[in-house]
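See below for the structure under consideration.
All values derive from a computational prediction rather than experimental measurement. We count residues from 1, following the sequence as given. The analysis underlying the following values was restricted to heavy atoms, covering all of them including side chains, and did not include hydrogens, waters or symmetry mates.
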Amino acid sequence: MNARGFRNNYVGSVTKSLGEVLRWQWQRLRDGMPPPPTVPTPADSPDLEFLRRNAQARDMAPTVTWIGHATSLVQAGGLNVLTDPIFSRRASPVQFLGPARAHPPGIALEDLPHIDVVVVSHNHYDHLDRNSILALSRQPGGPPLYLTPLGLKGWLKGLGIDNAVELDWWQQHVHAGVEFHCTPAQHWSGRSLHDRNKTLWCAWAVLGNDLHWFFTGDTGYSQDFADTRRHFAARQSADNGGGFDVALVAVGACLPRWFMQLQHVDLHEAVQLHLDLGAKRSVGVHWGTFSLADDPLDQPIHELDAARTAKGVAEDAFFIVPLGATRKFPSRADK
């Protein structure tokens with residue numbers, strides 16, 4: 001961090017000037033962007049009975065359940081972990097204005113199993129939602145542990161939340177035998193006009209005996225993910241079970257490219273990120289929930305297949321799932 005705030009590894013600031021923001025907004029208004037989706041975001045009825053049973057099982061099955069946007073429930077290593085929880089109607093500092101949710105969460109907040117850990121990638125309103133954070137802190141059985149990049153512990157303290165650990169890139173925290181590594185991503189931070197890049201942003205690499213999983217948060221395409229693969233190479237050799245068993249990769253809010261390219265990957269870059277990371281499987285997240293850019297909410301439904309094909313990636317190696325859907329993954333402990 002310097003006097004201008006935190007920086008990315010491979011580019012300078014990815015934020016845009018006020019003039020560029022106004023240019024984009026004028027173009028959106030002129031062109032009627034984003035176009036409406038042609039199909040709704042698919043949704044499944046969540047298997048709450050299984051999730052609650054799995055949450056307490058001594059032999060927990062490794063699973064990922066997509067709740068919406070960048071929020072997923074990961075059950076692995078005996079822990080129930082939420083990524084970037086947002087259950088509010090709007091991704092905004094106020095609930096009467098701002099991007100509104102197109103679909104309800106795949107699991108209602110009150111239907112969640114007891115959450116052990118919340119990982120936060122950065123402080124944008126669609127990833128760090130005050131109401132959701134507060135509600136989770138009041139869950140029956142006690143609050144979760146909040147893991148954040150540098151600079152956000154004080155924000156949580158202001159909400160009366162003390163059970164938090166903040167990390168710099170490449171630092172780790174071990175909770176109940178599971179390693180949570182804060183890893184680099186290419187993005188920016190800010191919740192107002194006056195705090196640009198004053199807190200860090202990150203991805204998360206989570207290593208347990210049964211599952212190695214990864215969460216990109218928001219990111220532009222960069223060398224950071226090849227760096228992450230190299231960083232964990234010894235831990236993820238073939239003899240040790242191989243690379244990440246599953247990666248949760250952001251695939252939405254990527255247009256127009258002249259504005260979004262450095263901060264949000266498009267589908268082709270998301271698939272390349274999957275390859276750079278050496279993940280066995282990737283699940284596309286950060287789509288179909290809030291309309292934040294010029295791409296329609298259903299873009300991944302129509303275009304992910306072409307992006308996979310162009311990179312020679314199989315359909316079962318990089319896919320999207322309905323809201324509320326749970327996918328099970330093989331346990332590394334069984335190998």
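- One hydrophobic cluster holds both Val64 and Val249 under the rule that ILVMFWY side chains link at heavy-atom gaps under 4.5 Å.
- Contact between Pro40 and His103 at its shortest, heavy atoms only, is CB-CE1, 4.2 Å.
- Val206 and Phe244 fall within the same hydrophobic cluster, where Ile, Leu, Val, Met, Phe, Trp and Tyr residues are linked whenever their side-chain heavy atoms come under 4.5 Å apart, directly or through other members.
- No donor-acceptor distance shorter than 3.5 angstrom exists from the side chain of Arg58 to the backbone of Gly78, with no hydrogens or angles considered.
- Partner of Asp84 under the side chain to side chain contact (heavy atoms under 4.5 Å, CB included) criterion, out of Leu128, Val120, Asp126, Asp218: Val120 alone.
- Using a cutoff of 4.0 Å between basic side-chain nitrogens and carboxylate oxygens, Asp316 and Arg281 are not scored as salt-bridged.
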Quick one: do Asp276 and Gln272 satisfy side-chain hydrogen bond (donor to acceptor under 3.5 Å, both in side chains)? Show the steps, please. CA-CA 6 Å; Asp276 291 352; Gln272 185 60 52; 2.9 Å; yes
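- With hydrophobic clusters built from ILVMFWY side chains whose heavy atoms lie under 4.5 angstrom apart, Val283 shares a cluster with Leu275.
- No more than 12 heavy atoms of other residues, nucleotides or ligands lie within 6.0 Å of CZ in Arg130, so this atom counts as exposed by the packing criterion.
- Note: Trp204 and Phe180 have perpendicular aromatic rings, judged against thresholds of 30 and 60 degrees for the angle between ring planes.
- Under the ring-ring contact (aromatic ring centres under 6.0 Å, His included) test applied with His69, the options Phe290, Tyr125, Trp287 reduce to a single match, Phe290.
- Geometrically, Lys311 does not engage Phe318 in a cation-pi contact, judged by NZ or CZ lying under 6.0 Å from the ring centre and within 45° of the ring axis.
- Cluster annotation: Trp66 and Leu48 are assigned to distinct hydrophobic clusters (Ile/Leu/Val/Met/Phe/Trp/Tyr, side-chain heavy-atom contacts under 4.5 Å, transitive).
- His286 and His127 have parallel rings, their planes meeting at less than 30° on a 0 to 90° scale where 60° marks the start of perpendicular.
- Taking OG1 of Thr148 as the start and CG of Asn123 as the end, the distance is 10.0 Å to the nearest 0.5 Å.
- Each of Val321, Ile107, Thr65 was scored for a side chain to side chain contact (heavy atoms under 4.5 Å, CB included) with Thr326, with one residue passing: Thr65.
- Between His122 and His124, the ring planes lie perpendicular to each other; the angle is over 60°, past the 30° to 60° tilted range.
- Tested against His231, the residues Phe225, Trp170, Trp169 include a single ring-ring contact (aromatic ring centres under 6.0 Å, His included) partner, Trp170.
- Among the candidates Pro300, Cys254, Pro256, the single residue satisfying the side chain to side chain contact (heavy atoms under 4.5 Å, CB included) test with Asp295 is Cys254.
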